Every structure is written in structure tokens, then in C-alpha cells.
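Notes to accompany the following structure.
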Amino acid sequence: MPNMDTKNKKIMIADDDPGIVDAVEMLLEFEGYEVTSTVDGTTVLEMKQELPDLLLLDIWMSGEDGRDICKKLKENKLTKDIPVILISASRDVRESAIAAGADDFLAKPFEMNELLQKVEQFTHKHGVL
């Protein structure tokens with residue numbers, strides 16, 4: 001039974017690893033989140049409507065650096081308040097992820113419970129009564 005607090009919370013996953021996208025998408029949908037995904041970083045920058053409540057963004061995507069995408073999102077009036085969790089297989093990029101404006105950082109491979117805790121933390125501190 002999905003948690004009612006998660007209902008209608010939109011999570012976007014941007015990662016060019018379909019295995020990770022599928023696993024995270026299934027997990028979050030099972031928990032009751034509405035999930036969209038993309039393997040293309042430029043899609044994230046083109047968001048205008050249907051903005052997610054949280055963005056899970058891979059740092060290393062083909063042709064795009066998630067930190068640059070994060071910086072651009074945080075500079076844009078429309079998207080600056082969307083919490084961004086940057087994800088990377090490299091553990092030594094935490095500082096640069098936070099410097100890019102990320103709200104949090106997850107190193108791959110991550111525990112699904114750790115991911116869920118972070119998702120819950122960021123989707124529930126915004127606009128929840």
C-alpha cells in the first residue's frame with residue numbers, strides 16, 4: 001500500500017544508465033511517487049511545466065555534466081527551488097556537487113533505503129502542511 005504522503009509527488013530521474021533508471025523508477029513508483037525519467041541532460045534544462053518535486057541527477061551523462069545542469073537549474077527562477085540530488089559512481093565529487101548547488105549527493109552504488117530516505121526528506125519539507 002503506497003504511502004499517502006507520497007501521492008502526487010513528482011520525481012524526475014536523469015541518468016544515462018537504463019538499469020539504474022528502471023530500478024529507481026520501480027522503487028519510487030512502488031512507494032507511490034509519480035516518476036518521470038530521461039537519459040538526456042538537456043531535457044532537464046528544457047522543463048517548463050510539470051516541474052518535479054525532486055530531481056535525481058547523474059553527474060556523468062553522455063555529453064553533459066550534471067553539475068553544470070544543476071548550476072543552470074539553480075540560476076533559473078522557474079527551477080531554482082527544485083531540490084536536486086546529484087548521483088555519481090565517483091565518491092570524491094561530493095564537494096563539487098554541493099558547490100554546484102546540489103541539495104544532496106549520493107554515491108553509486110547506493111542503498112535503496114538511503115535513496116528513499118533522501119527522497120522523502122526533500123519531498124516532505126517543501127509545501128507539506
Side-chain angles (χ1 to χ4, degrees):
M1 176 83 189
N3 181 341
M4 293 317 288
D5 293 343
T6 61
K7 195 143 180 56
N8 300 329
K9 292 282 181 189
K10 294 182 184 68
I11 314 293
M12 179 182 239
I13 309 161
D15 195 318
D16 59 3
D17 179 337
I20 288 190
V21 170
D22 288 349
V24 172
E25 205 167 355
M26 279 192 315
L27 175 77
L28 293 175
E29 283 176 349
F30 181 78
E31 291 293 322
Y33 292 99
E34 224 175 278
V35 184
T36 56
S37 61
T38 180
V39 293
D40 180 2
T42 50
T43 309
V44 176
L45 292 172
E46 291 163 1
M47 293 186 298
K48 298 283 182 279
Q49 302 96 5
E50 295 294 311
L51 295 175
D53 294 297
L54 174 70
L55 176 63
L56 296 171
L57 179 60
D58 188 28
I59 287 184
W60 306 114
M61 283 196 290
S62 42
E64 295 282 339
D65 186 318
R67 291 167 293 197
D68 295 337
I69 295 169
C70 183
K71 269 188 205 141
K72 289 175 187 161
L73 290 173
K74 294 298 185 178
E75 289 165 359
N76 182 331
K77 202 167 58 212
L78 191 65
T79 54
K80 69 179 173 56
D81 293 327
I82 299 171
V84 176
I85 299 177
L86 283 173
I87 303 168
S88 177
S90 174
R91 294 178 179 274
D92 57 0
V93 293
R94 172 183 274 282
E95 282 178 30
S96 63
I98 302 302
D103 296 271
D104 208 338
F105 173 78
L106 256 181
K108 293 177 188 174
F110 46 80
E111 294 291 322
M112 287 302 184
N113 281 343
E114 185 185 5
L115 172 71
L116 278 178
Q117 283 172 339
K118 288 180 186 291
V119 166
E120 205 168 297
Q121 173 191 342
F122 286 107
T123 55
H124 287 76
K125 74 177 186 190
H126 294 278
V128 172
L129 301 174

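As the structure is a prediction and not an experimental result, all values here were calculated from the model.
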Testing the basics here: between L54 and P83, what is the closest heavy-atom pair and its distance to 0.1 Å? CD1-O, 3.3 Å
Using the rule that Ile, Leu, Val, Met, Phe, Trp and Tyr join whenever any side-chain heavy atoms are under 4.5 Å apart, tell me whether I87 and L28 fall into a single cluster. yes
So do M47 and L78 actually touch side chain to side chain, heavy atoms under 4.5 Å? no
Side chains of M61 and V39, heavy atoms from C-beta outward: is any pair under 4.5 Å? no
Between M12 and L51, does the side chain to side chain contact (heavy atoms under 4.5 Å, CB included) criterion hold? Intermediate values first, please. CA-CA 9 Å; M12 179 182 239; L51 295 175; over 6 Å; no
Minimum heavy-atom separation for C70 and A102, please, with both atom names. SG-N, 3.5 Å
Test side chain to side chain contact (heavy atoms under 4.5 Å, CB included) on E120 and Y33 and set out the steps. CA-CA 10 Å; E120 205 168 297; Y33 292 99; 4.0 Å; yes
Would you call L73 and V44 a side-chain contact if the rule is heavy atoms closer than 4.5 Å? yes
side-chain contact (heavy atoms from CB on, under 4.5 Å) partner of L45, the single match among D68, N76, I69, T79: I69
Cationic N near anionic O, under 4.0 Å, K118 to D103: no
Residue pair G41 / E64: nearest heavy atoms and the distance that separates them: CA-CG, 4.2 Å
Side chain to side chain contact (heavy atoms under 4.5 Å, CB included) assessment of K108 paired with D15: CA-CA 12 Å; K108 293 177 188 174; D15 195 318; 3.2 Å; yes
If hydrophobic clusters are built from ILVMFWY residues whose side chains come within less than 4.5 Å, do I85 and V21 share one? yes
Under 3.5 Å, is there a donor-acceptor pair between the side chain of K9 and the main chain of T123? yes
If the threshold is 4.0 Å, N to carboxylate O, is there a salt bridge linking D53 and K10? no
Would you call R67 and V93 a side-chain contact if the rule is heavy atoms closer than 4.5 Å? yes
Mind checking whether I11 and M26 sit in one hydrophobic cluster, side chains of I, L, V, M, F, W, Y counted as touching below 4.5 Å? no
Does L57 belong to the same Ile/Leu/Val/Met/Phe/Trp/Tyr cluster as W60, with side-chain heavy atoms less than 4.5 Å apart forming each link? yes
To the nearest 0.5 Å, tell me how far L86 CG sits from D58 CG. 8.5 Å
Steps toward side chain to side chain contact (heavy atoms under 4.5 Å, CB included) verdict (I59, F105): CA-CA 10 Å; I59 287 184; F105 173 78; 4.0 Å; yes
Going by atom types alone, do D40 and T38 pair a side-chain donor with an acceptor below 3.5 Å? no
Quick one: does K74's side chain have a donor or acceptor within less than 3.5 Å of a partner on I82's backbone? yes
Under 4.5 Å between side-chain heavy atoms, hopping through other hydrophobics if needed: is there a path connecting V24 to L106? yes
